[in-house]
Amino acid sequence: MIARADVAMLDKFERALINGRLHMLYQPKVSLADGSLKRVEALVRWTDPDLGTIPPSRFVPLAEEHGLIDELTQWGLRTTLRQWIAWQAEGLDTDLAFNISALSLDHLDFPDLVERMCRALDVPTGRLVLELTEGATQPLIKLIDTLTRMRIKGIGLAIDDFGVGYSTLMQLRQLPFTELKIDRFFIRDAPEAADSALICRSIIDLAHGLGLTVTAEGVETVEQMQLLSDYGCDVAQGYLVAEPLAADAVAGWYEGWQARWPGLLKKRVADRARPREVTR
Ligand code: C2E
Ligand code: CA
Ligand code: CA
């Protein structure tokens with residue numbers, strides 16, 4: 001049974017979605033090799049006049065449970081693709097990362113829908129990475145089919161929150177991911193805790209062995225970034241680099257970041273092998 005507070009929230013959320021009162025913030029991800037901007041991850045936001053700011057961890061599950069997730073996904077993707085066109089026009093060149101609910105993968109035509117949206121807005125599919133967490137309910141064989149069709153269309157696929165939840169090594173081997181994101185749980189205490197550091201290092205080596213790009217999320221300190229750089233991690237994302245930003249703040253942030261980057265890290269301990277360009 002749905003709690004009364006949830007009914008009220010659901011109703012407000014549905015109206016916000018229909019009336020265009022959600023918005024997107026964009027969090028940069030930068031290369032640990034040279035500090036350059038690799039992508040921005042779109043993160044949805046909802047502020048209700050009465051309820052205040054509600055985190056996506058609250059309203060995304062509500063949308064999933066009550067049949068609003070497809071609408072949310074399509075609104076979010078359209079908004080993000082349009083923003084990419086605006087950034088290109090301003091001379092800001094970046095790839096995009098977009099979170100999708102596992103439920104979207106249950107629709108067999110989802111890859112076609114994403115491709116159609118990219119075409120309609122004139123965004124090359126190769127500029128888009130979809131971030132997935134576990135939880136798809138379809139059988140593995142269908143999931144492999146859906147994700148493979150995404151890859152054939154040129155869309156990148158990241159496994160999000162790796163290391164917590166149910167993401168398994170078997171999935172890593174069988175599903176055609178191009179990127180792995182190490183959950184911030186392991187990043188948090190890696191500079192002090194030998195076991196977390198070992199886990200980070202092992203995940204990075206494992207992912208590279210499988211031809212995946214590795215992104216560390218939740219990087220908040222220089223010590224964390226230094227360690228990840230020493231271990232050969234490819235990309236960093238987190239408050240040390242930037243908090244999620246309004247669309248029109250990204251270009252200004254990047255100017256500041258390019259000035260800050262050169263003095264931030266000691267030289268990399270060893271220039272470990274970069275991952276192959278993914279051909280999976
Ligand atoms: P996620 O994909 O793992 O996103 C990263 C979350 O970590 C974001 O929270 C971000 O604001 C936060 N974060 C970024 N850097 C740091 C850091 O250095 N330290 C800490 N402590 N946190 C950091 P947010 O925006 O509240 O999003 C939460 C989750 O909601 C996301 O987790 C994602 O799973 C989901 N989500 C967000 N936007 C969308 C969307 O448009 N569609 C769908 N389906 N899910 C979304
Ligand atoms: Ca994500
Ligand atoms: Ca994540």
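In listed order, ligands and their atoms are each counted from 1. Sequence positions, counted from 1, serve as the residue numbers for this chain.
Residue contact annotation: E41 places an N/O/S atom under 3.0 Å from the Ca ion (ligand 2). Because the distance cut-off is set at 3.0 Å, D161 qualifies as a neighbour of the Ca ion (ligand 3) through one of its N, O or S atoms. The Ca ion (ligand 2) has no N, O or S atom of T133 inside 3.0 Å of it.
At a threshold of 4.5 Å between non-hydrogen side-chain atoms, the residues K181 and E131 count as touching. For the pair P56 and L43, the minimum side-chain heavy-atom distance is 4.5 Å or more. Counting only heavy atoms from C-beta outward, the side chains of L265 and D230 never approach each other to under 4.5 Å. Between F110 and M150, the closest side-chain pair of non-hydrogen atoms falls below 4.5 Å. You'll find the side chain of V214 stays beyond 4.5 Å of the side chain of F162, heavy atoms only.
Listed by atom number, the atoms of ligand 1 under 4.0 Å from R45 heavy atoms are 11 (O), 24 (P), 25 (O). Close approach of ligand 1 to M24 is summarised as follows: ligand atoms under 4.0 Å from at least one heavy atom of the residue are 41 (O). Every atom of ligand 1 is numbered from 1 in the order shown, and the set under 4.0 Å from a heavy atom of V44 is 38 (N), 39 (C), 40 (C), 41 (O). Taking a cut-off of under 4.0 Å to the non-hydrogen atoms of Q27, the atoms of ligand 1 that pass are 14 (C), 15 (N). Counting atoms of ligand 1 from 1 in the listed order, those under 4.0 Å from a heavy atom of E41 are 2 (O), 4 (O). Against a heavy-atom cut-off of under 4.0 Å, S101 is close to the following atoms of ligand 1: 44 (N). Near P244, meaning under 4.0 Å from any of its heavy atoms, are these atoms of ligand 1: 11 (O). The distance from ligand 1 to the heavy atoms of E220 drops below 4.0 Å at these ligand atoms: 17 (C), 18 (O), 19 (N), 20 (C), 21 (N).
Neither the backbone nor the side chain of E243 comes within contact range of ligand 1; no heavy atom lies under 4.0 Å. Residue Q237 does not touch ligand 1, judged by heavy-atom distances below 4.0 Å. In D160, the part holding a heavy atom less than 4.0 Å from any atom of ligand 1 is the side chain.
Nearest non-hydrogen protein atom to atom 3 (O) of ligand 1 is D161 OD1, 3.3 Å. Ranking protein heavy atoms by distance to atom 7 (O) of ligand 1, first place goes to R184 NH1, 2.9 Å. Looking at atom 18 (O) of ligand 1, its nearest protein heavy atom turns out to be Y239 N, 2.8 Å. Protein heavy atom in closest approach to atom 37 (C) of ligand 1: L43 CD2, 3.7 Å. The protein heavy atom nearest to atom 35 (C) of ligand 1 is P56 CB, 4.4 Å. For atom 34 (O) of ligand 1, the closest non-hydrogen atom of the protein is N99 OD1, 4.4 Å.
In this structure, G76 falls outside the shell of residues with a heavy atom less than 4.0 angstrom from ligand 1.
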From CA spacing to verdict: side-chain hydrogen bond (donor to acceptor under 3.5 Å, both in side chains), T133, D161: CA-CA 7 Å; T133 42; D161 304 336; 5.2 Å; no

side-chain hydrogen bond (donor to acceptor under 3.5 Å, both in side chains) assessment of Q74 paired with D70: CA-CA 6 Å; Q74 289 183 37; D70 291 341; 5.9 Å; no

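Side chain of S229 to main chain of M225: no donor-acceptor pair is present (N/O by atom type, distance under 3.5 Å, no hydrogens or angles). Put simply, the side chain of R151 never gets that close to the backbone of L157: no donor and acceptor are under 3.5 Å apart. Distance alone, capped at 3.5 Å, places no donor-acceptor pair between the E71 side chain and the L68 backbone. Proximity of a side-chain donor or acceptor of T125 to a complementary backbone N or O of K153 within less than 3.5 Å is detected.
Between S57 and ligand 1, no N or O atom pair is found at a separation short of 3.5 Å. Backbone and side-chain nitrogen or oxygen atoms of E131 are examined, and none is located within less than 3.5 angstrom of a nitrogen or oxygen of ligand 1. Looking at ligand 1, you won't find any N or O of F98 less than 3.5 Å from one of its N or O atoms.
Taking the six-membered ring for Trp, W87 and Y254 have ring centres at least 6.0 Å apart.
The protein reaches atom 11 (O) of ligand 1 closely, with a heavy atom under 4.0 angstrom from it. Distance check for atom 15 (N) of ligand 1: a protein heavy atom is found below 4.0 Å.
The residues R127 and D93 are annotated as salt-bridged, a charged nitrogen and a carboxylate oxygen being separated by less than 4.0 angstrom. In summary, K29 and D234 do not engage in a salt bridge, as defined by a charged side-chain N under 4.0 Å from a carboxylate O. No salt bridge links R116 with D112; every basic N to acidic carboxylate O contact stays at or beyond 4.0 Å.
Taking both residues in full, the closest heavy atoms of E179 and L212 are given as N-CD2, 4.1 Å, listed atom of the first, atom of the second, then distance.
The Ca ion (ligand 3) lies closest to atom OE1 when only the N/O/S atoms of E217 are considered. The N, O or S atom of D160 with the smallest distance to the Ca ion (ligand 3) is OD1. The N, O or S atom of E131 with the smallest distance to the Ca ion (ligand 2) is OE1.
Between W253 and W257, the angle of the ring planes stays under 30°, which puts this pair in the parallel group of the 30/60° scheme.
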